[in-house]
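See below for the structure under consideration.
A quick note: this is a predicted structure, and the numbers were derived from the prediction, not measured. Letters go in sequence order (proteins before strands), and every chain restarts at 1.
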Amino acid sequence: MPELPEVEVIVRELREKIPGEELSDIQIYWKKTFVSDGYPLPVFNTIHAVNRRGKFIIIRLNQLFLIIHLRMTGKLIVSDTVPVDRKHLQVQFLFKSGKALLFYDPRKFGRIYLTPDPEEFFSNLGVDAIDPQFSKHDFTRMLSRKKGSIKPFLLDQHHLAGLGNIYVDESLFRARIHPETSIRALSVHESSQLYQAIRKTLNGAIAHMGTTLADYRTPDGNSGRHQNFLKVYDREHETCFRCKSVIVKKRVGGRGTHFCPGCQPLKK
DNA sequence: CTAATCACCTGAAGGC
DNA sequence: TGCCTTCAGGTGATTA
């Protein structure tokens, strides 16, 4: 479910709520969710900071870091009390203050990793898609070394980290590029448009607090609003706001892909 | 290297 | 109402 914008909104909210909290207990209800890698459970540690890289949430403790990936249906909730709703609760962190950080995940794909070394943990992860250090030139250079279709490339977190199925489709629409366009066929101008489109799309979604299609909620339990601003994703058979063509959905790289055949013609 | 498929899980939605 | 199939915001492993 959550892509970079949703994770960013979650991180901002967590940052308001949990730094300074001291862990008093950790309960793991679904073993595979919590990957301790042999390190002791960080009970009695303090939460020092909350950050993000791509779709990962990074929580700094005393010596170790909790690194969380929500995958499809993971949800973090900050509660003032021990949980009332325990359905799909996979991991529970209790604090000395009485508050709790709860990890819910119906599909159980999400993971919480424990590591002393985030740099090492992220050694194969691409650059964050809205990292200010990541330039248009870096992007075109990255593209020049690759072939294949543009959409699978954008989804691959080893290159750019943070885009998922919704925002790839939205970014390609904004840049007027067909998702099956071969990377080698992209002009310098198109690459540049795509770079801008990705940033505008992600930052716009953050401003709307993310996209809630079904499960996504912030740690306060709030929905996002960006679902009301989607241009192609989840709009199959509807009319393009820009050219009035009918939005198409087809499989590209194994993923349901939405685009406007009028605005995004395939040039190959 | 790229592409396709499966695996991991559950729930919602659509067809009959 | 119920059964069956398909699909879902993700990603890693395996196999052509």
Side-chain angles (χ1 to χ4, degrees), chain A residues 1-10 29-35 37 52-57 67-76 85-91 103-113 121-126 129 142-173 179-185 198 201-202 204-206 208-218 223-237 249-258:
Chain A
M1 113 181 108
E3 307 179 27
L4 185 152
E6 290 74 33
V7 177
E8 177 64 20
V9 172
I10 290 165
Y29 299 108
W30 185 257
K31 225 176 158 204
K32 289 168 83 173
T33 303
F34 196 94
V35 184
D37 200 20
R52 181 189 64 74
R53 173 122 176 231
K55 302 176 194 173
F56 290 90
I57 297 160
I67 299 191
I68 303 174
H69 198 303
L70 303 168
R71 292 283 185 100
M72 298 284 267
T73 52
K75 195 167 31 162
L76 283 171
D85 175 15
R86 301 176 70 125
K87 193 175 183 188
H88 301 138
L89 179 61
Q90 315 301 0
V91 178
F103 185 81
Y104 292 92
D105 190 5
R107 289 181 73 177
K108 302 174 176 169
F109 287 169
R111 292 289 180 267
I112 301 177
Y113 305 91
F121 184 89
F122 291 126
S123 58
N124 292 316
L125 188 68
M142 198 182 269
L143 287 173
S144 69
R145 290 192 248 102
K146 308 299 291 185
K147 56 181 198 172
S149 301
I150 188 62
K151 169 153 179 174
F153 170 85
L154 294 175
L155 284 174
D156 189 337
Q157 305 294 302
H158 299 101
H159 309 128
L160 261 194
L163 289 167
N165 209 29
I166 295 177
Y167 298 114
V168 165
D169 286 1
E170 292 295 305
S171 297
L172 288 169
F173 171 80
E180 291 177 294
T181 306
S182 122
I183 294 171
R184 281 154 40 162
I198 289 168
T201 299
L202 295 176
I206 292 169
H208 290 135
M209 307 293 281
T211 300
T212 299
L213 292 177
D215 305 299
Y216 163 69
R217 298 289 184 281
T218 74
S223 295
R225 290 179 284 112
H226 195 66
Q227 62 277 10
N228 303 315
F229 299 87
L230 296 174
K231 303 291 191 285
V232 286
Y233 191 88
D234 203 29
R235 296 198 65 240
E236 185 187 17
H237 305 318
K249 180 178 181 183
K250 74 172 285 197
R251 262 182 201 277
V252 176
R255 309 295 302 276
T257 298
H258 310 73

Assert: residue with more 5' nearest nucleotide on DNA chain B, out of A:Gly148 and A:Lys108, is A:Gly148
Contacts of A:Lys87 and A:Arg71 projected onto DNA chain B by closest heavy atom; the upstream (5') one is A:Arg71
Return yes if a side-chain donor-acceptor contact under 3.5 Å exists between A:His258 and A:Asp169, otherwise no. yes
Less than 3.5 Å apart, any donor N or O on the side chain of A:Tyr167 or A:Thr211 sitting next to an acceptor on the other? yes
5'-most by nearest nucleotide on DNA chain C - A:Glu6 or A:Phe56: A:Glu6
For residues A:Leu4 and A:Ile206, report the shortest heavy-atom separation together with the two atoms involved. CD2-CD1, 4.1 Å
Between A:Thr257 and A:Lys151, which heavy-atom pair has the shortest distance, and what is it? OG1-NZ, 2.9 Å
Determine the interatomic distance between P on B:dT5 and the same-named atom on C:dT6; round to the nearest Å. 14 Å
The salt bridge (Lys or Arg N to Asp or Glu O under 4.0 Å) partners of A:Lys250 (sequence neighbours excluded) come to A:Glu180
Between [options], which one does the side chain of [X] approach most closely?
X        : options               : answer
A:His69  : B:dC8, C:dT11, C:dG12 : C:dT11
A:Lys146 : B:dT10, C:dG9, B:dC1  : B:dC1
A:Lys147 : B:dG11, C:dG9, B:dT2  : B:dT2

How long is the line joining CG of A:Asn165 and C1' of C:dG9, in whole Å? 7 Å
Using the ring pair (Phe, Tyr, Trp, His ring centres under 6.0 Å) criterion, which residues pair with A:Phe121? Sequence neighbours excluded. A:Phe56, A:Tyr113
Answer yes when A:Asp105 and A:Arg71 have at least one side-chain N-carboxylate O distance shorter than 4.0 Å, and no when they do not. no
Taking OP1 and OP2 of [N], is either one under 4.0 Å from a side-chain nitrogen or oxygen of [X]?
X        : N      : result
A:Tyr167 : C:dG9  : no
A:His88  : B:dG11 : yes
A:Arg255 : C:dG9  : yes
A:Arg251 : C:dA8  : yes
A:Lys55  : C:dG9  : no

Report the secondary structure of DNA chain B in dot-bracket form, marking unpaired bases with a dot and bases paired to a different strand with |, and treating Watson-Crick or G-U pairs with both distances under 3.5 Å as paired. .|||||||.|||||||
Face-to-face contact A:Phe109 to C:dT11 six-ring, under 5.5 Å, under 30°: no
